[in-house]
Amino acid sequence: MNSIVELQSADSSAAARIAPQFGFNCFEFVARVEGQTVSVLDAEPGFPATDSRPSGHGVPLLFPFPNRIRDGQYSWRGEIYELPPDRVPYDRTGNAIHGFCLDRPWRVIDQSRDSVTGEFQLSVDAPDRREFWPADFVIRATYSLQASRLNLEVEIENPDDVDLPWGFGTHAYFKLPLGTSSSPEACLMEAPVTRHWELSDCLPSGKTAEIPGAMDFDEGWRFGSSPLDDVFQLKADRSPADRRTLIIDERAGLQLEQRFSSEFEHLVVFTPPNRNAICLEPYTCMTDAINHPGEYGLRILPPGQKTKLFVVCEVSPVIA
């Protein structure tokens, strides 16, 4: 069993802790900005030593599918797959949820003072789940610190001789407020979203609509306005530099920017009950994409191929 990995930036202004044994979850990221110490990620005290849900803390990594598969069943190229609830993660309403990697140990394959790389291969690290996905896969994640920035680089590889269907997402729990002199309700969230997906029990109906005025993240949404567990489509006309979410804490004079590569086309916004935290979750595909491969953004990686993604979180002074 891997122990906790601790990282520190070269200038000692930031630190992070990662739990390889719980899905390579980065559950702590602390940055020092203009004399203020910002604890960015929300996790239960004692995690990961406690028996808490791996999906409820820090930055769960969701692969080969983010969010849910309806009833834990799908068909792929003529073959029917059933994911038993005693073998893979399930939600409370009978759907497989968040992939095969977040609740299993990863292997640390490289480490330095400010960087660590973990690897997970389905056939090696969860052989009991190999039969539930059409192809084997390898996912590598590298966390690194650079001043007040936490970088996540992800590489996905298909080592199999058949196509790999896949989707990836992060499920970061961002702690609010950013400054000790502020409050959660003082924080404003922004994101370049366009359409809003219609959901029933967290599963999409296939329909999208204009974003309700109460959820206008493009103009700014204030924490506490309403509880959310919603999926949005990101604006396709934005450049990769504009693929971001922003938490602005004007009272503290701080902001948290999350940037991600253009492969991420959807954003889940979730306010966990009874917590001063918000989840801003970039996904490469829609919930239940394996059951709607041509409509929901499911990606296909040919045999022997690799692809790379990134997510960056950076704390900085509020830009006027």
Side-chain angles (χ1 to χ4, degrees), residues 18-27 53-69 72 74 76 81 83 87-91 95-109 116-143 151-160 162-173 231 260-261 263-268 279-291 293 296-303 305-311:
I18 296 97
Q21 68 270 37
F22 280 94
F24 209 62
N25 186 318
C26 180
F27 63 95
R53 292 180 302 114
S55 62
H57 313 269
V59 187
L61 303 179
L62 316 179
F63 189 81
F65 62 93
N67 219 295
R68 292 158 172 82
I69 294 178
Y74 66 95
W76 179 257
Y81 291 81
L83 284 56
R87 303 275 294 279
V88 303
Y90 260 64
D91 69 7
N95 306 298
I97 188 168
H98 292 334
F100 300 157
C101 305
L102 85 165
D103 62 338
R104 293 292 179 91
W106 289 41
R107 288 168 285 113
V108 174
I109 60 173
V116 63
T117 300
E119 180 177 278
F120 184 98
Q121 181 167 356
L122 182 59
S123 63
V124 173
D125 300 295
D128 57 315
R129 295 175 174 174
R130 172 62 189 90
E131 63 184 293
F132 304 133
W133 205 249
D136 194 12
F137 61 75
V138 177
I139 177 170
R140 299 180 189 91
T142 299
Y143 277 108
N151 303 302
L152 170 62
E153 297 176 86
V154 176
E155 181 179 79
I156 297 162
E157 178 182 354
N158 180 358
D160 216 323
V162 295
D163 285 345
L164 168 65
W166 66 276
F168 175 78
T170 61
H171 195 325
Y173 288 77
V231 188
F260 35 86
S261 50
E263 291 83 0
F264 293 96
E265 298 179 347
H266 299 85
L267 182 73
V268 174
C279 299
L280 300 171
E281 312 169 38
Y283 286 4
T284 62
C285 64
M286 184 56 193
T287 303
D288 201 28
I290 191 74
N291 277 313
Y296 287 7
L298 185 74
R299 294 178 179 269
I300 310 296
L301 191 63
Q305 297 297 303
K306 299 178 183 179
T307 191
K308 293 184 178 181
L309 318 166
F310 72 81
V311 181

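All values below come from the heavy atoms of this structure, side chains included, with hydrogens, waters and symmetry mates left out.
P105 and F120 make their closest contact through O-CD1, 3.7 Å (heavy atoms, listed as atom of the first residue, atom of the second, distance). For the residue pair W76 and P293, the shortest heavy atom distance occurs at CZ3-CB, 4.3 Å. Across every non-hydrogen atom of P134 and Y81, the tightest pair is CA-OH, 3.4 Å. Of all heavy-atom pairs spanning G169 and P66, the tightest one is N-CB, 4.0 Å.
Residues satisfying the ring-ring contact (aromatic ring centres under 6.0 Å, His included) test with F137, not counting sequence neighbours, are F63. The side-chain hydrogen bond (donor to acceptor under 3.5 Å, both in side chains) search around T307 returns none, not counting sequence neighbours. Residues satisfying the side chain to side chain contact (heavy atoms under 4.5 Å, CB included) test with D163, not counting sequence neighbours, are R77, I300, P302, P303. Under the rule for a side chain to side chain contact (heavy atoms under 4.5 Å, CB included), the partners of D136 that lie at least two apart in sequence or sit in another chain are Q121, L122, S123, R130, P159, D160. Applying the ring-ring contact (aromatic ring centres under 6.0 Å, His included) rule to Y283 yields no partners; only residues at least two apart in sequence or on another chain are considered. Residues passing the side-chain hydrogen bond (donor to acceptor under 3.5 Å, both in side chains) test with N25, sequence neighbours excluded: none. Under the ring-ring contact (aromatic ring centres under 6.0 Å, His included) criterion, W133 pairs with F65, Y74, F100, sequence neighbours left out. The side-chain hydrogen bond (donor to acceptor under 3.5 Å, both in side chains) test applied to D91 returns R68, T93, N95, not counting sequence neighbours. Under the side chain to side chain contact (heavy atoms under 4.5 Å, CB included) criterion, E157 pairs with V138, R140, K306, sequence neighbours left out. Applying the ring-ring contact (aromatic ring centres under 6.0 Å, His included) rule to H98 yields the partners H171; only residues at least two apart in sequence or on another chain are considered. In this structure A289 satisfies the side chain to side chain contact (heavy atoms under 4.5 Å, CB included) test together with C285, Y296, L298, sequence neighbours excluded.
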When the side chains of residues 54-61 are checked against the rest of the protein, which donor-acceptor pairs come out under 3.5 Å, sequence neighbours left out?
| unit_1 | atom_1 | unit_2 | atom_2 | d |
| --- | --- | --- | --- | --- |
| S55 | OG | R53 | NH1 | 2.8 |
| H57 | ND1 | E44 | N | 3.0 |

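Side chain of R104 to main chain of G23: no donor-acceptor pair is present (N/O by atom type, distance under 3.5 Å, no hydrogens or angles). With N158 contributing its side chain and L301 its backbone, the two residues share a donor-acceptor pair below 3.5 Å.
Put simply, SG on C101 and CZ on F22 are 15.0 Å apart, with the number rounded to the nearest 0.5 Å. Rounded to the nearest 0.5 Å, atoms CG (D128) and CG (D125) are 10.5 Å apart. Atom CD of E119 and atom OG1 of T117 lie 9.5 Å apart (nearest 0.5 Å). Of the inter-residue distances, the one linking R299 atom CZ with L164 atom CG reads 12.5 Å to the nearest 0.5 angstrom. Between atom CD of residue E263 and atom OG1 of residue T284 there is a gap of 8.5 Å, rounded to the nearest 0.5 Å. A distance of 9.5 Å separates CG in N151 from CZ in F310, rounded to the nearest 0.5 Å.
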Determine, step by step, whether N67 and V268 satisfy the side chain to side chain contact (heavy atoms under 4.5 Å, CB included) criterion, reporting the C-alpha distance in whole Å, the side-chain angles of both residues, the deciding distance to 0.1 Å, and the verdict.
CA-CA 9 Å; N67 219 295; V268 174; 4.2 Å; yes
Evaluation steps, side chain to side chain contact (heavy atoms under 4.5 Å, CB included), between N291 and I69
CA-CA 8 Å; N291 277 313; I69 294 178; 3.9 Å; yes
Between L152 and T170, is a side chain to side chain contact (heavy atoms under 4.5 Å, CB included) present by the stated rule, with each step listed?
CA-CA 10 Å; L152 170 62; T170 61; 3.9 Å; yes
Go through it in stages, so that I can follow the logic: the residues are V108 and I18, the test is side chain to side chain contact (heavy atoms under 4.5 Å, CB included), and I'd like the CA-CA distance, side-chain angles, deciding distance and then a yes or no.
CA-CA 11 Å; V108 174; I18 296 97; over 6 Å; no
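No side-chain heavy atom of F168 sits less than 4.5 Å from a side-chain heavy atom of L62. In this structure the side chain of L309 never reaches within 4.5 angstrom of the side chain of F260, judged on heavy atoms. No side-chain heavy atom of V231 sits less than 4.5 Å from a side-chain heavy atom of L267.
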